[in-house]
Amino acid sequence: MLPNLRFSRYRFAYSVQEPLKMPEYKGNVFRGRLGYILRQITCVGAAGDCEKRCDFPDRCVYSRCFETLVPSDSPILRNQPFAPHPFVLEPPRTRKLDYAPGDTFACNLILVGEAIDLLPWLVYAFNEVGQRRIGLRGERGRCKLETVESLPVRGEGRTIYTAETEMLTDAGVILDIADVMADAPDIANLMELEFLAPTSIKIDGEWARSLTFDHLIRNLLRRIRFLSVFHCGEDLDAETRALVQLAASVKHISRLRWVKKERWSHRTERAIPMGGFVGKIRFRGDLAPFLPIILLGERLHIGHHTAFGYGQYRVNEVKEEAVEG
């Protein structure tokens, strides 16, 4: 299943040079600054008017990251203007708001498929994010990109860029489903998912406040399929309908809660609601057939707004005697 689906994970580590203030949830800041700067440094035409004037949408670095076009002959999403982003942000998970010179923070980035080739552009863009200041509007400060690490599925990373050399040595470790499963936890009938970032999933046109196992699997399969088709050139070769039907027999105990979030859009000059659920949910049943999809989703996230860091979860092993507690 998915022999050509590949992705890479990176950690961008900064040191603070000037005082700055961050919001509690920092994904909006990183995504906004990254998109703005990447468009500025890569656009060769009329920046800000991509859809109407760009002559190179298939080759433009910004378009490939933020506005991936759906081909006219695509078997899926033909009524949508753009495909899912080929990247995922994992902003710093801390409530720290005020940063002083000498403080540090890091932002993770996942690149999928052909977007891995864009790493040099993204390293340059992340460096510019720090140099041109980051933080809340009016309270931004300069930061220095100290290192970029290539991260395996689990364990310690390997440094592939330093501020001292200003050289990117290579693209780091390229991962696939075999790497995800190589160190998989021993889970057969009991599992807990801990949603670390707000997760926005629509079910029957409504934002879900909880999650059944079959809806989890449906959404993971949909997301993984879209990423594979548009960014890795490969459709799923599995019988997904049978997998979804099997998922309906898995039971769940939900401890999820809804959190209200919003972001300010400078383009539309209005606040945009971006709520989602966080917390833990446990599943009991025959989980082994679904483990590759679930572990892949742990790295690629699930639901809407993944470019802002939404949909991040962690797979926790649960001991049988701890279930009722």
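Every heavy atom of this structure was used, including side-chain atoms; hydrogens, water molecules and symmetry mates were not. Predicted model only: the values in this text are computed from it and were never measured.
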(Q) Going by the rule side chain to side chain donor-acceptor pair (under 3.5 Å), which residues pair with Ser74 if we only count those two or more places apart in sequence or in a different chain? (A) none

Q) So does Arg257 have more than 12 non-hydrogen atoms from other groups sitting under 6.0 Å from CZ? A)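 No.
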
Q | Flag if over 12 foreign heavy atoms under 6.0 Å of OH, Tyr36 | A |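 Counting other residues, nucleotides and ligands, OH of Tyr36 stays at 12 neighbours or fewer.
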
Q | Basic-acidic side-chain contact under 4.0 Å: Glu67, Arg39 | A |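 Salt bridge between Glu67 and Arg39, a charged N being under 4.0 Å from a carboxylate O: yes.
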
Q.
Please enumerate all residues that pass salt bridge (Lys or Arg N to Asp or Glu O under 4.0 Å) together with Glu298, with sequence neighbours excluded.
A.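 Partners of Glu298 by the salt bridge (Lys or Arg N to Asp or Glu O under 4.0 Å) criterion, ordered by chain and then number, come out as Arg154.
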
Q | Listed partners of Glu149 passing salt bridge (Lys or Arg N to Asp or Glu O under 4.0 Å), at least two apart | A | none

Once side chain to side chain contact (heavy atoms under 4.5 Å, CB included) is applied, do any residues pair with [X], and if so which ones, sequence neighbours excluded?
| X | result |
| --- | --- |
| Tyr124 | Ile41, Glu128 |
| Arg93 | Leu196, Gln312, Arg314 |
| Thr94 | Lys26, Pro92, Lys96, Tyr99 |
| Asp204 | none |

State, with a plain yes or no, whether a side-chain heavy atom of [X] is found less than 4.5 Å away from one of [Y].
| X | Y | result |
| --- | --- | --- |
| Ile217 | Ile294 | yes |
| Phe290 | Leu216 | no |
| Cys107 | Leu89 | yes |
| Cys232 | Phe7 | no |

Q) About how many Å separate OG of Ser200 and CD1 of Ile302, when rounded to the nearest 0.5 Å? A)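 Answer rounded to 0.5 Å: 11.0 Å.
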
Q) Atom CZ of Arg132 and atom CG of Asn127: how far apart are they, to the nearest 0.5 Å? A) 10.0 Å

Q: Under the ring pair (Phe, Tyr, Trp, His ring centres under 6.0 Å) rule, collect the residues that match up with His305, sequence neighbours excluded.
A: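 With neighbours one apart ignored, the set is Tyr310.
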
Q | ring pair (Phe, Tyr, Trp, His ring centres under 6.0 Å) involving His304 - partner list, sequence neighbours excluded | A | Trp207

Which atom pairs, one a donor and one an acceptor, fall under 3.5 Å between side chains of residues 79-87 and the rest of the protein, sequence neighbours left out?
residue: His85; atom: ND1; partner: Cys65; partner atom: O; Å: 3.1

Q: If a pair satisfies ring-ring contact (aromatic ring centres under 6.0 Å, His included) and one of its residues is in residues 125-180, list it, with sequence neighbours excluded.
A: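 Matches after skipping sequence neighbours: Phe12-Phe126.
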
Q.
Going by side chain to side chain contact (heavy atoms under 4.5 Å, CB included), Val153 matches just one of Leu295, Val173, Leu175. Which one?
A.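 Testing each of Leu295, Val173, Leu175 against Val153, the sole residue satisfying side chain to side chain contact (heavy atoms under 4.5 Å, CB included) is Leu175.
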
Side-chain polar contacts of residues 112-119 - donor-acceptor pairs under 3.5 angstrom, sequence neighbours left out - could you list them?
none

